[in-house]
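As C-alpha coordinates, the structure follows; a few thoughts come after it.
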Number of protein chains: 2
Amino acid sequence: MDKNNTLASLSGLAQMKKNVSVPARSNLCPVARFGEILAGKWATPVIYRLILADGPVRFNTLQRTLRPISQKELSRHLRHFEALGMVTRQVYAEVPPRVEYLVTDFGRTLREPIEALAHWAEQYFPVSGQVHAATPDQQHALVAAAQGDRA
Amino acid sequence: MDKNNTLASLSGLAQMKKNVSVPARSNLCPVARFGEILAGKWATPVIYRLILADGPVRFNTLQRTLRPISQKELSRHLRHFEALGMVTRQVYAEVPPRVEYLVTDFGRTLREPIEALAHWAEQYFPVSGQVHAATPDQQHALVAAAQGDRA
DNA sequence: CAGTATCCGTGGCGATACTG
DNA sequence: CAGTATCGCCACGGATACTG
(Lines give C-alpha, C1' and ligand atoms only; values in the text may rest on other atoms or scores of the structure.)
Protein backbone atom coordinates (compact mmCIF):
# COMPACT_ATOMS: atom_id res chain seq x y z
CA MET A 1 0.00 0.00 0.00
CA ASP A 2 2.50 2.54 1.02
CA LYS A 3 4.96 3.24 -1.68
CA ASN A 4 7.95 4.07 0.42
CA ASN A 5 8.39 4.01 4.08
CA THR A 6 9.77 5.75 5.99
CA LEU A 7 9.16 5.36 9.38
CA ALA A 8 8.36 7.85 8.58
CA SER A 9 7.28 6.54 8.36
CA LEU A 10 8.01 6.50 10.93
CA SER A 11 9.26 6.96 7.63
CA GLY A 12 6.67 8.35 6.01
CA LEU A 13 5.91 10.26 8.89
CA ALA A 14 6.56 13.79 9.06
CA GLN A 15 9.09 15.34 6.85
CA MET A 16 12.38 16.99 7.04
CA LYS A 17 10.65 19.83 5.34
CA LYS A 18 12.61 21.43 2.55
CA ASN A 19 16.20 20.65 3.17
CA VAL A 20 17.79 20.31 6.53
CA SER A 21 16.34 22.12 9.52
CA VAL A 22 14.57 20.49 12.37
CA PRO A 23 10.82 20.43 12.11
CA ALA A 24 9.50 22.59 14.89
CA ARG A 25 5.90 21.44 14.75
CA SER A 26 6.41 18.85 17.42
CA ASN A 27 3.35 18.99 19.56
CA LEU A 28 2.85 15.38 18.58
CA CYS A 29 3.20 12.21 20.53
CA PRO A 30 6.76 11.02 21.19
CA VAL A 31 6.44 8.36 18.56
CA ALA A 32 5.53 10.92 15.94
CA ARG A 33 8.51 13.00 16.98
CA PHE A 34 10.74 10.03 16.44
CA GLY A 35 9.28 9.79 12.99
CA GLU A 36 10.09 13.39 12.31
CA ILE A 37 13.73 12.74 13.04
CA LEU A 38 14.03 9.54 11.09
CA ALA A 39 11.75 10.54 8.24
CA GLY A 40 12.41 9.14 4.83
CA LYS A 41 13.06 5.75 3.39
CA TRP A 42 16.80 5.75 3.99
CA ALA A 43 17.14 7.82 7.14
CA THR A 44 17.40 4.93 9.55
CA PRO A 45 19.66 2.75 7.43
CA VAL A 46 22.05 5.66 6.94
CA ILE A 47 22.41 6.62 10.57
CA TYR A 48 22.53 3.02 11.65
CA ARG A 49 25.36 2.37 9.27
CA LEU A 50 27.34 5.19 10.78
CA ILE A 51 26.57 3.99 14.27
CA LEU A 52 27.82 0.51 13.49
CA ALA A 53 30.89 1.83 11.77
CA ASP A 54 31.67 3.84 14.87
CA GLY A 55 34.34 5.73 12.97
CA PRO A 56 34.85 7.99 9.97
CA VAL A 57 33.29 6.71 6.76
CA ARG A 58 33.64 8.16 3.29
CA PHE A 59 30.73 9.11 1.10
CA ASN A 60 31.29 6.43 -1.48
CA THR A 61 31.75 3.77 1.13
CA LEU A 62 28.42 4.69 2.58
CA GLN A 63 26.75 4.61 -0.77
CA ARG A 64 28.20 1.21 -1.63
CA THR A 65 27.17 -0.36 1.64
CA LEU A 66 23.71 1.18 1.47
CA ARG A 67 23.05 0.33 -2.14
CA PRO A 68 20.82 0.99 -3.88
CA ILE A 69 20.57 4.41 -2.29
CA SER A 70 21.01 7.29 -4.72
CA GLN A 71 23.61 9.99 -4.28
CA LYS A 72 20.93 12.58 -3.88
CA GLU A 73 19.17 10.78 -1.08
CA LEU A 74 22.36 9.90 0.71
CA SER A 75 23.66 13.45 0.74
CA ARG A 76 20.26 14.75 1.69
CA HIS A 77 20.05 12.52 4.74
CA LEU A 78 23.63 13.22 5.71
CA ARG A 79 23.01 16.94 5.67
CA HIS A 80 19.89 16.37 7.72
CA PHE A 81 21.75 14.41 10.38
CA GLU A 82 24.52 16.95 10.34
CA ALA A 83 22.00 19.70 11.05
CA LEU A 84 20.61 17.65 13.90
CA GLY A 85 24.05 17.23 15.40
CA MET A 86 24.02 13.49 14.91
CA VAL A 87 26.79 13.38 12.35
CA THR A 88 29.91 15.42 11.74
CA ARG A 89 31.40 16.10 8.35
CA GLN A 90 35.16 16.33 7.91
CA VAL A 91 36.59 17.58 4.62
CA TYR A 92 40.21 16.96 3.67
CA ALA A 93 41.90 19.24 1.16
CA GLU A 94 43.28 16.50 -0.97
CA VAL A 95 43.04 15.27 -4.47
CA PRO A 96 41.04 13.31 -5.04
CA PRO A 97 38.81 14.97 -2.48
CA ARG A 98 38.00 13.08 0.67
CA VAL A 99 35.06 13.63 2.97
CA GLU A 100 34.43 11.62 6.07
CA TYR A 101 31.27 11.29 8.10
CA LEU A 102 31.33 10.41 11.74
CA VAL A 103 28.50 9.67 14.10
CA THR A 104 28.38 11.85 17.22
CA ASP A 105 27.58 10.79 20.76
CA PHE A 106 24.10 12.11 20.23
CA GLY A 107 23.73 10.07 17.08
CA ARG A 108 24.87 7.01 18.96
CA THR A 109 21.92 7.31 21.31
CA LEU A 110 19.76 6.08 18.46
CA ARG A 111 21.39 2.71 18.53
CA GLU A 112 19.17 1.12 21.15
CA PRO A 113 15.80 2.17 19.76
CA ILE A 114 16.84 1.31 16.23
CA GLU A 115 17.96 -2.12 17.27
CA ALA A 116 14.66 -2.66 19.00
CA LEU A 117 12.98 -2.08 15.66
CA ALA A 118 15.41 -4.26 13.79
CA HIS A 119 14.95 -7.06 16.26
CA TRP A 120 11.21 -6.92 15.89
CA ALA A 121 11.39 -6.91 12.12
CA GLU A 122 13.76 -9.85 12.05
CA GLN A 123 11.60 -11.80 14.39
CA TYR A 124 8.31 -11.33 12.59
CA PHE A 125 9.35 -10.52 9.04
CA PRO A 126 12.52 -12.48 8.42
CA VAL A 127 14.02 -12.25 5.00
CA SER A 128 16.37 -14.49 3.15
CA GLY A 129 17.64 -11.80 0.86
CA GLN A 130 20.03 -8.97 1.36
CA VAL A 131 20.38 -7.74 4.88
CA HIS A 132 22.16 -4.53 5.48
CA ALA A 133 24.03 -4.78 8.71
CA ALA A 134 21.88 -6.67 11.10
CA THR A 135 23.97 -9.79 11.43
CA PRO A 136 27.26 -9.82 13.32
CA ASP A 137 29.28 -10.84 10.28
CA GLN A 138 27.85 -8.03 8.23
CA GLN A 139 28.60 -5.63 11.00
CA HIS A 140 32.17 -6.82 10.80
CA ALA A 141 32.19 -6.21 7.09
CA LEU A 142 31.05 -2.68 7.66
CA VAL A 143 33.57 -2.01 10.37
CA ALA A 144 36.22 -3.32 8.05
CA ALA A 145 35.06 -0.91 5.39
CA ALA A 146 35.22 1.94 7.84
CA GLN A 147 38.70 0.96 8.88
CA GLY A 148 39.62 0.90 5.26
CA ASP A 149 38.51 4.51 5.09
CA ARG A 150 40.60 5.35 8.08
CA ALA A 151 43.73 3.82 6.65
CA MET B 1 4.13 4.14 5.51
CA ASP B 2 2.34 6.63 4.32
CA LYS B 3 -0.03 2.89 4.38
CA ASN B 4 -4.44 -7.31 9.69
CA ASN B 5 -7.75 -10.47 12.84
CA THR B 6 -7.99 -12.74 15.48
CA LEU B 7 -5.36 -13.80 17.91
CA ALA B 8 -2.83 -14.06 15.16
CA SER B 9 -0.04 -15.56 17.11
CA LEU B 10 3.31 -16.42 15.71
CA SER B 11 2.16 -19.80 14.55
CA GLY B 12 -0.54 -18.40 12.38
CA LEU B 13 1.66 -15.60 11.29
CA ALA B 14 3.63 -17.28 8.57
CA GLN B 15 0.49 -18.52 6.91
CA MET B 16 -1.17 -15.17 7.20
CA LYS B 17 1.64 -13.30 5.62
CA LYS B 18 1.17 -15.27 2.43
CA ASN B 19 -2.44 -14.29 2.00
CA VAL B 20 -1.97 -10.70 2.88
CA SER B 21 -0.62 -7.88 0.85
CA VAL B 22 2.54 -7.12 2.64
CA PRO B 23 4.84 -5.13 0.43
CA ALA B 24 6.93 -7.86 -1.11
CA ARG B 25 9.94 -5.73 -1.93
CA SER B 26 11.49 -6.51 1.38
CA ASN B 27 15.02 -7.39 0.53
CA LEU B 28 15.89 -4.42 2.67
CA CYS B 29 17.52 -4.18 6.04
CA PRO B 30 15.31 -5.04 9.02
CA VAL B 31 14.97 -1.41 9.89
CA ALA B 32 13.60 -0.62 6.47
CA ARG B 33 11.16 -3.48 6.80
CA PHE B 34 9.92 -2.02 10.04
CA GLY B 35 9.38 1.20 8.18
CA GLU B 36 7.31 -0.59 5.60
CA ILE B 37 4.95 -1.85 8.27
CA LEU B 38 4.63 1.39 10.15
CA ALA B 39 4.71 3.66 7.13
CA GLY B 40 2.84 6.90 7.27
CA LYS B 41 2.56 9.76 9.63
CA TRP B 42 -0.16 8.25 11.78
CA ALA B 43 0.57 4.55 11.57
CA THR B 44 2.44 4.28 14.82
CA PRO B 45 0.18 6.52 16.87
CA VAL B 46 -2.85 4.55 15.70
CA ILE B 47 -1.55 1.10 16.53
CA TYR B 48 -0.03 2.31 19.76
CA ARG B 49 -3.35 3.71 20.82
CA LEU B 50 -4.98 0.36 20.27
CA ILE B 51 -2.20 -1.40 22.12
CA LEU B 52 -2.59 0.85 25.13
CA ALA B 53 -6.34 0.55 25.07
CA ASP B 54 -5.96 -3.23 25.11
CA GLY B 55 -9.62 -3.62 24.34
CA PRO B 56 -12.25 -2.75 21.74
CA VAL B 57 -12.28 0.89 20.70
CA ARG B 58 -14.78 2.62 18.48
CA PHE B 59 -13.87 4.59 15.40
CA ASN B 60 -14.85 7.95 16.76
CA THR B 61 -13.10 7.35 20.02
CA LEU B 62 -9.93 6.64 18.13
CA GLN B 63 -10.29 9.75 16.06
CA ARG B 64 -10.91 11.94 19.09
CA THR B 65 -7.95 10.62 20.99
CA LEU B 66 -5.70 10.85 17.94
CA ARG B 67 -6.77 14.30 16.89
CA PRO B 68 -6.05 15.91 14.56
CA ILE B 69 -6.06 12.79 12.41
CA SER B 70 -8.50 12.87 9.51
CA GLN B 71 -11.17 10.26 8.99
CA LYS B 72 -9.57 9.19 5.77
CA GLU B 73 -6.17 8.58 7.26
CA LEU B 74 -7.57 6.80 10.29
CA SER B 75 -9.63 4.38 8.26
CA ARG B 76 -6.76 3.88 5.84
CA HIS B 77 -4.36 2.88 8.60
CA LEU B 78 -6.94 0.73 10.29
CA ARG B 79 -7.53 -1.20 7.10
CA HIS B 80 -3.81 -1.57 6.71
CA PHE B 81 -3.35 -3.01 10.17
CA GLU B 82 -6.35 -5.23 9.67
CA ALA B 83 -4.78 -6.62 6.51
CA LEU B 84 -1.56 -7.25 8.42
CA GLY B 85 -3.39 -9.15 11.14
CA MET B 86 -2.56 -6.60 13.78
CA VAL B 87 -6.09 -5.36 14.35
CA THR B 88 -9.52 -6.95 14.20
CA ARG B 89 -12.68 -5.18 13.16
CA GLN B 90 -16.00 -6.04 14.77
CA VAL B 91 -19.19 -4.64 13.30
CA TYR B 92 -22.42 -4.58 15.28
CA ALA B 93 -25.73 -4.45 13.47
CA GLU B 94 -27.15 -1.62 15.49
CA VAL B 95 -28.40 1.84 14.96
CA PRO B 96 -26.55 3.95 15.23
CA PRO B 97 -23.90 1.68 13.77
CA ARG B 98 -21.06 0.56 16.00
CA VAL B 99 -17.68 -0.68 14.92
CA GLU B 100 -14.98 -1.74 17.29
CA TYR B 101 -11.31 -2.21 16.66
CA LEU B 102 -9.19 -4.51 18.74
CA VAL B 103 -5.48 -5.10 18.72
CA THR B 104 -4.39 -8.70 18.19
CA ASP B 105 -1.59 -10.55 19.93
CA PHE B 106 0.53 -9.94 16.89
CA GLY B 107 -0.19 -6.24 17.04
CA ARG B 108 0.75 -6.25 20.68
CA THR B 109 4.25 -7.38 19.81
CA LEU B 110 4.86 -3.87 18.53
CA ARG B 111 4.55 -2.46 22.01
CA GLU B 112 8.16 -2.92 23.06
CA PRO B 113 9.84 -1.49 19.97
CA ILE B 114 7.43 1.41 19.84
CA GLU B 115 8.06 2.26 23.44
CA ALA B 116 11.77 2.20 22.78
CA LEU B 117 11.17 4.89 20.18
CA ALA B 118 8.92 6.89 22.42
CA HIS B 119 11.37 6.74 25.27
CA TRP B 120 14.16 8.01 23.07
CA ALA B 121 12.04 10.85 21.72
CA GLU B 122 10.95 11.91 25.18
CA GLN B 123 14.48 11.88 26.43
CA TYR B 124 16.01 13.93 23.64
CA PHE B 125 13.10 15.86 22.22
CA PRO B 126 10.83 16.57 25.16
CA VAL B 127 7.76 18.63 24.49
CA SER B 128 5.61 20.72 26.74
CA GLY B 129 2.58 20.54 24.50
CA GLN B 130 0.12 17.82 23.81
CA VAL B 131 1.31 14.31 24.36
CA HIS B 132 -0.77 11.51 23.06
CA ALA B 133 -0.56 8.60 25.41
CA ALA B 134 2.96 8.32 26.59
CA THR B 135 2.46 9.18 30.21
CA PRO B 136 0.81 6.79 32.66
CA ASP B 137 -2.06 9.12 33.42
CA GLN B 138 -2.82 9.57 29.74
CA GLN B 139 -2.71 5.86 29.30
CA HIS B 140 -5.33 5.63 31.98
CA ALA B 141 -7.43 8.18 30.19
CA LEU B 142 -7.27 6.11 27.07
CA VAL B 143 -8.10 2.91 28.83
CA ALA B 144 -11.05 4.67 30.38
CA ALA B 145 -12.20 5.72 26.95
CA ALA B 146 -11.92 2.16 25.72
CA GLN B 147 -13.91 0.91 28.69
CA GLY B 148 -16.50 3.48 27.88
CA ASP B 149 -16.75 1.90 24.45
CA ARG B 150 -17.13 -1.50 26.02
CA ALA B 151 -19.95 -0.42 28.29
C1' DC C 1 35.78 11.50 -5.43
C1' DA C 2 31.97 14.05 -3.69
C1' DG C 3 28.74 16.09 -4.50
C1' DT C 4 24.76 19.58 -6.86
C1' DA C 5 21.08 20.54 -10.34
C1' DT C 6 17.00 19.22 -12.81
C1' DC C 7 13.18 16.68 -14.43
C1' DC C 8 9.32 13.88 -13.17
C1' DG C 9 6.18 10.12 -11.46
C1' DT C 10 3.98 8.25 -7.40
C1' DG C 11 1.45 8.74 -3.48
C1' DG C 12 0.89 10.56 1.33
C1' DC C 13 -1.99 13.60 3.59
C1' DG C 14 -5.34 17.34 4.48
C1' DA C 15 -9.93 19.34 3.47
C1' DT C 16 -14.37 18.88 1.97
C1' DA C 17 -18.58 16.69 0.58
C1' DC C 18 -21.56 12.87 0.48
C1' DT C 19 -23.86 8.13 2.13
C1' DG C 20 -26.06 4.02 4.70
C1' DC D 1 -21.95 6.79 13.77
C1' DA D 2 -18.71 5.10 10.48
C1' DG D 3 -17.14 5.51 6.88
C1' DT D 4 -16.16 6.42 1.19
C1' DA D 5 -15.33 9.71 -2.80
C1' DT D 6 -12.95 13.39 -4.76
C1' DC D 7 -9.70 17.15 -5.24
C1' DG D 8 -5.31 19.20 -4.89
C1' DC D 9 -0.78 20.22 -2.92
C1' DC D 10 3.84 19.03 -2.50
C1' DA D 11 7.34 15.97 -0.42
C1' DC D 12 9.68 11.77 -1.29
C1' DG D 13 12.54 9.53 -4.10
C1' DG D 14 14.57 7.55 -8.68
C1' DA D 15 17.24 8.68 -12.89
C1' DT D 16 20.19 11.45 -15.29
C1' DA D 17 23.48 15.04 -16.24
C1' DC D 18 26.89 18.16 -14.82
C1' DT D 19 30.96 20.23 -11.76
C1' DG D 20 35.19 21.35 -8.65
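In what follows, chains carry the letters A, B, and so on, assigned in the order in which the sequence lines appear, proteins first and then strands, with residues in each chain numbered from 1.
In this entry the distance linking CD of A:Q71 with P of C:dA5 reads 13 Å, nearest Å. Taking atom CD on B:E73 and atom C1' on D:dC7, their separation rounds to 14 Å, with Å as the unit. Following rounding to the nearest Å, A:I69 (CD1) and D:dC12 (P) show an atom-to-atom distance of 14 Å. The CG-C1' distance, from B:L78 to D:dG3, rounds to 11 Å in whole Å. Taking atom CZ of residue A:R76 and atom C1' of nucleotide D:dC12, one finds them 6 Å apart after rounding to whole Å. Going from atom NE2 of A:H77 over to atom P of D:dC12 covers 8 Å, rounded to whole Å. Straight-line distance from the CG atom of A:L66 to the P atom of C:dA2: 14 Å, rounded to whole Å. A straight line from NZ of A:K41 to C1' of C:dG12 spans 15 Å, rounded to a whole angstrom.
Looking at every heavy atom in both residues, A:T104 comes nearest to A:V87 through CG2-N, 3.8 Å.
Of the options B:T44, B:I51, B:L50, a side-chain contact (heavy atoms from CB on, under 4.5 Å) to B:L110 is made by B:I51 and by none of the others.
Distances shown here put a side-chain N or O of A:R89 below 4.0 Å from the OP1 or OP2 atom of C:dG3. B:R79 has no side-chain polar atom (N or O) that falls below the 4.0 Å cut-off from OP1 or OP2 of D:dG3. A sub-4.0 Å separation between OP1 or OP2 of C:dG12 and a side-chain N or O of B:W42 is absent. Under 4.0 angstrom from either OP1 or OP2 of D:dA2 there lies no side-chain N or O belonging to B:R98. Here B:S75 does not reach the OP1 or OP2 of D:dA2: none of its side-chain N or O atoms lies under 4.0 Å away.
When the nearest nucleotides of DNA chain C are assigned to A:Y101 and B:S70 by heavy-atom distance, the more 5′-ward of the two goes with A:Y101.
Residue A:P97 has its side chain nearest to D:dG20 when only D:dG14, D:dA2, D:dG20 are considered. Listed candidates were C:dG20, D:dG3, C:dG3. Nearest to the side chain of B:V99 is D:dG3.
Annotation: side chain of B:S75 is in contact with side chain of B:F59 (closest heavy-atom distance under 4.5 Å). Counting heavy atoms from C-beta on, the side chains of B:V57 and B:L102 never come closer than 4.5 Å.
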*asked:* In dot-bracket form, 5' to 3', how is DNA chain C paired? Count Watson-Crick and G-U wobble pairs only if both distances fall under 3.5 Å, and write | where the partner sits on another strand.
replied: ||||||||||||||||||||
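Partners of B:Y124 under the ring-ring contact (aromatic ring centres under 6.0 Å, His included) rule, at least two apart in sequence or in another chain, are A:F106, B:W120.
By the rule that hydrophobic residues join a cluster once side-chain heavy atoms approach within less than 4.5 Å of another member, A:V91 and A:M86 end up as members of one cluster.
Counted by atom type alone, A:Y48 and A:E115 present one or more donor-acceptor pairs between their side chains at under 3.5 Å.
Side-chain atoms of B:K72 and base atoms of D:dG3 include no donor and acceptor less than 3.5 Å apart.
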